[in-house]
Amino acid sequence: MEREGMKKAQEDNAAQVLSRALQICKESNVKVKVETLVMEGDAKDTICEAAEAMHIDVLVVGSRGLGKIKRAFLGSVSDYCAHHARCPVLIVKPPPPPPKH
């Protein structure tokens with residue numbers, strides 16, 4: 001039963017993230033069709049496969065800003081997509097931290 005609860009929590013979290021992303025697009029007056037999709041599987045492969053199946057014009061992925069060492073061990077989904085997706089890929093970096101006073 002705990003597994004079902006975890007899956008439900010993941011689905012709720014994904015819905016919130018995508019809802020926020022769509023809201024940001026709306027507030028920023030994005031004038032193109034924006035689609036979101038929730039899938040299961042290895043992120044890098046699943047994203048590239050979905051992009052191809054949906055015949056998208058541009059794939060927008062986020063970058064977590066991992067350092068070189070972490071990226072070497074964990075891999076980079078955005079880097080993989082940039083090299084394997086069959087469409088242009090826009091990688092969005094996280095904003096810089098606020099200056100310390």
Side-chain angles (χ1 to χ4, degrees):
M1 196 67 172
E2 185 175 319
R3 184 178 237 171
E4 289 176 19
M6 288 177 55
K7 184 170 180 149
K8 175 72 171 129
Q10 288 175 331
E11 290 170 355
D12 291 346
N13 186 46
Q16 288 177 355
V17 168
L18 295 179
S19 176
R20 179 68 183 127
L22 289 172
Q23 183 65 30
I24 290 170
C25 289
K26 184 177 180 181
E27 291 170 359
S28 300
N29 294 318
V30 173
K31 301 292 185 193
V32 296
K33 181 179 178 183
V34 176
E35 292 187 47
T36 61
L37 181 64
V38 177
M39 300 176 72
E40 292 183 23
D42 182 31
K44 62 184 186 285
D45 294 324
T46 304
I47 291 170
C48 289
E49 290 168 9
E52 186 171 348
M54 295 173 70
H55 307 287
I56 64 168
D57 296 318
V58 64
L59 174 62
V60 180
V61 294
S63 170
R64 294 185 294 169
L66 297 177
K68 291 179 182 180
I69 294 173
K70 285 184 181 179
R71 190 170 49 244
F73 284 107
L74 299 175
S76 168
V77 172
S78 57
D79 184 64
Y80 182 91
C81 291
H83 289 93
H84 292 89
R86 295 186 178 186
C87 62
V89 177
L90 174 62
I91 300 172
V92 180
K93 294 182 178 184
K100 295 180 182 180
H101 295 281

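Both I91 and V77 are assigned to one and the same hydrophobic cluster, defined by single-linkage of ILVMFWY side chains at heavy-atom distances under 4.5 Å.
The CG atom of L90 sits 10.5 Å away from the OG atom of S78 when rounded to the nearest 0.5 Å. The CE atom of M39 sits 7.0 Å away from atom CD of E49, with the distance rounded to the nearest 0.5 Å.
By the neighbour-count criterion of 12 heavy atoms within 6.0 Å, atom CD of E40 is sparsely surrounded, having that number or fewer from other residues, nucleotides or ligands.
Within the hydrophobic cluster formed by Ile, Leu, Val, Met, Phe, Trp and Tyr side chains joined at under 4.5 Å, directly or through other members, L22 is accompanied by V30, V32, V34.
For residues 29-39, the side chain to side chain donor-acceptor pair (under 3.5 Å) pairs, not counting sequence neighbours, are K33-E35.
Not counting sequence neighbours, D45 has no partner by the salt bridge (charged side-chain N to carboxylate O under 4.0 Å, His left out) test. Partners of E11 according to the side chain to side chain contact (heavy atoms under 4.5 Å, CB included) rule, which considers only residues two or more places apart in sequence or in another chain, are K7, K8.
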Side chains of residues 13-21: which donor-acceptor partners sit under 3.5 Å, not counting sequence neighbours?
none

Which donor-acceptor pairs under 3.5 Å do side chains of residues 50-62 form with protein atoms, sequence neighbours excluded?
residue : atom : partner : partner atom : Å
E52     : OE2  : R86     : NH1          : 3.2

